[in-house]
Protein chains: 2
Amino acid sequence: MTLHDLAKELNLSIATISRALSRPEDVAPLTRQRVLAAVHRHGYTPNGTTRSLRTQQTRTIGVVVSDIRNAFFAAVVKAIEDEARANGYTVLICNADEDSAKEEAALQLLLDRKVSGVINCSTGANLDLLHTFQKSGAVLVDFDRESGLKNLDTVVVDNRRGAELATEHLVDLGHRDIATVAGPQHLSNARGRLIGFQDTLRKHNIQVKKSFVQYGNFRQESGYQAAQKLHSLRQPPTALFVANVEMAAGVIAFVRDKGVTIPQEISIVSFDDSFWARYMDPPLTVVAQPVETMGKCTMELLLARLRGGKPAQTKVFMPELIVRRSTCSPARSPR
Amino acid sequence: MTLHDLAKELNLSIATISRALSRPEDVAPLTRQRVLAAVHRHGYTPNGTTRSLRTQQTRTIGVVVSDIRNAFFAAVVKAIEDEARANGYTVLICNADEDSAKEEAALQLLLDRKVSGVINCSTGANLDLLHTFQKSGAVLVDFDRESGLKNLDTVVVDNRRGAELATEHLVDLGHRDIATVAGPQHLSNARGRLIGFQDTLRKHNIQVKKSFVQYGNFRQESGYQAAQKLHSLRQPPTALFVANVEMAAGVIAFVRDKGVTIPQEISIVSFDDSFWARYMDPPLTVVAQPVETMGKCTMELLLARLRGGKPAQTKVFMPELIVRRSTCSPARSPR
DNA sequence: TAACCGAATGTAAAGTTTTACATTGTAACC
DNA sequence: GGTTACAATGTAAAACTTTACATTCGGTTA
């Protein structure tokens, strides 16, 4: 059922039908009624594809996240979507799995679809594609990580500060053998978290052992492996700062497999909070990001940009340490 | 940058450019090379919107779920998306929040977008809209709940069996005062779970008290409220079967707020498993669904349907009881 | 009554791609 | 050499909507 069909049925021109739907005041009341009745009778819906073609805008925002099952991203996406929908935009979610090839595929898809904007949790690769986006007139926003591109809005948490908060907390408890499961260093957030960790230790004159810095890829399995490596060390750490929830999940899986007790044998503090962190055994001490606010803000910036005007800006949100029970003073006294 | 622009630049017709990209063998090797070079040089991407218009297919599948933050749906969506992408389809995710008005908006959006198919976790309202979909030629699949429509593929878990498993487990432990936090009864899965619960109790000659059946809406807050009501009963239950994870989260939040101990004071078994359930305090006894398999299967059915042929079918998956430590025998002896 | 006005409706173009059909040019064959 | 055949490319229509501009027609004004 198209405008054409309706026009024929009602003996009107397609223009009149179109107008009856989009600018009711431009059409005689009686005509409008007839049109509306027919539309309803046939369950007609304008073809969004064609409208996009004609109006040259898809009113769609692409969001590239690493994994929608990750509670952090799920929450962000929800916030983004609510805000988008409220403004008449649709959100297209793509999983990149922290894999630059998949990210490329996702971006290519969004490019094909001529989205109005992209919220990118970049792997840092694919700069060329992102650049193509900008040239195409799409609005780009970096979220969670900085792609390194110029002239785009950026929404991040203060990663160094978050790591400081976490590390400081461990040091305060008396730990000296503190390790970290860091994220991939090509990501700005992972770098920030590692630097915050290292700086804090140095500030307290604690040597940063190389073996105490394990690198993961922000995904669960890598957390498991990192924990494994740390555990097999001659002198394992008494405390651990994990750079994101997913890896923390992996760490916890390993620790449980091994029967290591938290926090007595190892204190754990992780970046990112989630509903479950609170009810875990033991409840997890975490560095929480204001997820909903950040998601909403991201979309607001994007929409503002779309409406034109405003120059690009960077919003840095403050993380918060939530002390629960996965951290305590070390059993063996510090050397 | 459009075909037109490229054509002008290369002094070819748009048809040739189009062919060079979509059916390389129909074009002279040299020409193809020239085209490819230009395409690459300009970062040209065919306009997906227009292509959809021309080919009359969007290669997009809409998925309507209640909340993407719900671990069950997050996992399902991931599985669906992977399978879709592997087959050249894009997935459009919509949140309905178990709210029929929001579901309507979501379906309307998908209708506008002329999606090729819809995977619907229906609230059961909006049958008319779903019907419009079918008339429009889109393929519909019911997931998790049955909309009641005829002639569509359906993927569900055996809800009665799941509830039986859970309830039987509680009865076996010696519980007689068993309550349930049921889902909204207009949803087929919620009905199945309640019936399985009731039948099992009856089978064991246990009276099903009215006050022991609390109804929630499958969302967290309603779990909290239901727990509250059960807790305030003169004679509270010693065991509880919760009909989904989200409500279980609410129940746990309440139970913790009140300082009630699990499982000593109350045994809890919930529908749906998640990574965290295992590491909670105590680890949660659950009825698990084969989430990934179900998600993948759903998409496979949909794609098969899209390719034509196959009549609609219903796949019922078997749930599995995973006993962890949130259930034990009751402290007070059964009356 | 002629001229004009405005409301209601119609006409047609544009947006970009795909593809059936048409055209061109060249090589092969008799 | 003229016909055939085929490969390469071109032409133009179609997909459906929005919208600038054009037309129609009843009524108002001088």
Side-chain angles (χ1 to χ4, degrees), chain A residues 1-36 38-39 42-60 88 90 108-109 111-116 136-138, chain B residues 1-36 38-39 42-60 88 90 108-109 111-116 136-138:
Chain A
M1 178 68 29
T2 69
L3 281 188
H4 221 95
D5 302 329
L6 285 175
K8 197 179 297 177
E9 175 172 330
L10 297 179
N11 229 329
L12 288 167
S13 72
I14 54 172
T16 304
I17 316 275
S18 175
R19 270 189 295 251
L21 295 172
S22 54
R23 14 185 113 187
E25 68 284 3
D26 274 15
V27 120
L30 182 73
T31 310
R32 178 174 3 137
Q33 273 193 310
R34 287 209 305 143
V35 172
L36 257 35
V39 162
H42 291 99
Y44 165 80
T45 315
N47 185 320
T49 303
T50 311
R51 171 181 288 157
S52 289
L53 173 60
R54 169 67 226 214
T55 61
Q56 294 289 72
Q57 53 165 335
T58 55
R59 292 186 84 79
T60 302
T90 303
Q108 190 60 57
L109 175 94
L111 210 43
D112 288 358
R113 300 238 159 193
K114 306 287 178 230
V115 293
S116 311
S136 82
Chain B
M1 179 69 29
T2 69
L3 280 188
H4 220 95
D5 302 328
L6 286 174
K8 197 177 299 177
E9 175 173 328
L10 297 178
N11 230 328
L12 288 167
S13 74
I14 54 172
T16 304
I17 315 275
S18 175
R19 270 189 294 251
L21 295 172
S22 54
R23 14 184 113 189
E25 69 283 3
D26 274 15
V27 119
L30 182 73
T31 310
R32 178 173 3 133
Q33 273 193 309
R34 287 209 302 144
V35 172
L36 258 35
V39 162
H42 293 98
Y44 165 80
T45 314
N47 185 320
T49 303
T50 312
R51 170 181 289 158
S52 289
L53 172 60
R54 167 67 224 215
T55 60
Q56 294 290 71
Q57 54 164 334
T58 55
R59 292 186 85 78
T60 301
T90 303
Q108 191 59 55
L109 175 94
L111 210 44
D112 288 358
R113 300 240 159 191
K114 306 287 179 230
V115 293
S116 312
S136 82

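Order of the sequence lines sets the chain letters (A, B, ...), proteins ahead of strands, with each chain counted from 1.
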Novice: Whole angstrom is fine here: how far is it from CD1 in B/Ile14 over to P in D/dT11?
Specialist: 10 Å
Novice: Quick one: which of C/dA12, C/dT17, D/dT11 gets closest to the side chain of B/Tyr44?
Specialist: C/dT17
Novice: So, do B/Val35 and B/Leu10 sit near enough that their side-chain heavy atoms are less than 4.5 Å apart?
Specialist: yes
Novice: Taking for each residue the nucleotide of DNA chain D with the nearest heavy atom, is it B/Thr50 or B/Arg32 whose nucleotide lies nearer the 5' end?
Specialist: B/Arg32
Novice: For A/His42, does the NE2 atom have more than 12 heavy-atom neighbours from other residues, nucleotides or ligands under 6.0 Å away?
Specialist: yes
Novice: Could you state the atom-to-atom distance from CD1 of A/Ile17 to C1' of C/dT11 in whole Å?
Specialist: 15 Å
Novice: Can you tell me if the side-chain N/O atoms of A/Gln56 get under 4.0 Å from OP1 or OP2 in C/dT16?
Specialist: yes
Novice: Select base, sugar-phosphate, or nothing to describe what B/Thr31 touches, counting heavy atoms under 4.0 Å on all strands.
Specialist: sugar-phosphate
Novice: Decide yes or no, distance alone: a donor-acceptor N/O pair under 3.5 angstrom between the base of C/dT17 and the side-chain of B/Arg51.
Specialist: no
Novice: Tell me the interatomic distance from A/Asp112, atom CG, to C/dT17, atom C1', rounded to whole angstroms.
Specialist: 13 Å
Novice: Please tabulate, one pair per line, all N/O donor-acceptor pairs under 3.5 Å involving side-chain atoms of residues 14-26 of chain A, not counting sequence neighbours.
Specialist:
from, atom 1, to, atom 2, distance (Å)
A/Thr16, OG1, A/Ser13, OG, 3.2
A/Ser22, OG, A/Ser18, O, 2.9

Novice: Taking atom types as they are modelled, is there a donor-acceptor pair under 3.5 Å from the base of D/dG10 to the side chain of B/Arg19?
Specialist: yes
Novice: Heavy atoms under 4.0 Å, any strand shown: does B/Ser22 hit a base, just sugar-phosphate, or nothing?
Specialist: nothing
Novice: Picking from C/dA12, C/dT9, C/dT18, which would you name as closest to the side chain of B/Thr55?
Specialist: C/dT18
Novice: Would you tell me if any nitrogen or oxygen in the side chain of B/Thr16 comes within less than 4.0 Å of OP1 or OP2 on D/dA8?
Specialist: no
Novice: Which one, C/dA8, D/dT9, C/dG10, comes nearest to the side chain of A/Ala15?
Specialist: C/dG10
Novice: When the nearest nucleotide of DNA chain D is assigned to A/Thr2 and to B/Val27 on a heavy-atom basis, which residue is associated with the more 5' position?
Specialist: B/Val27
Novice: Do A/Lys114 and B/Asn47 touch side chain to side chain, with heavy atoms closer than 4.5 Å?
Specialist: yes
Novice: Rounded to whole angstroms, how far apart are CG on A/Asp5 and C1' on D/dA15?
Specialist: 13 Å
Novice: Rounded to the nearest angstrom, tell me the gap between atom CG in B/Asn11 and atom P in D/dT11.
Specialist: 11 Å
Novice: Between B/Asp112 and B/Leu109, does the side-chain contact (heavy atoms from CB on, under 4.5 Å) criterion hold? Intermediate values first, please.
Specialist: CA-CA 5 Å; B/Asp112 288 358; B/Leu109 175 94; 5.6 Å; no
Novice: If you check the B/Leu12 side chain, which of C/dT18, D/dT9, D/dT18 turns out closest?
Specialist: D/dT9
Novice: Within this structure, what is the CG-to-C1' distance between B/Leu53 and D/dA14, rounded to whole angstrom?
Specialist: 9 Å
Novice: How many Å lie between CG on B/Leu3 and P on D/dT9, as a whole number?
Specialist: 16 Å
Novice: How long is the line joining CG of A/Asn47 and P of D/dT18, in whole Å?
Specialist: 9 Å
Novice: When you measure from the side chain of B/Arg54, which nucleotide among D/dG10, C/dT19, D/dC16 comes out closest?
Specialist: C/dT19
Novice: Quick one: does B/Gln108's side chain get under 4.5 Å of B/Leu111's, heavy atoms only?
Specialist: yes
Novice: Determine: side-chain N/O of A/Ser13 to OP1/OP2 of C/dT9, distance under 4.0 Å, yes or no.
Specialist: no
Novice: Among C/dT16, C/dT9, C/dT19, which nucleotide has an atom closest to any side-chain atom of B/Ser18?
Specialist: C/dT19
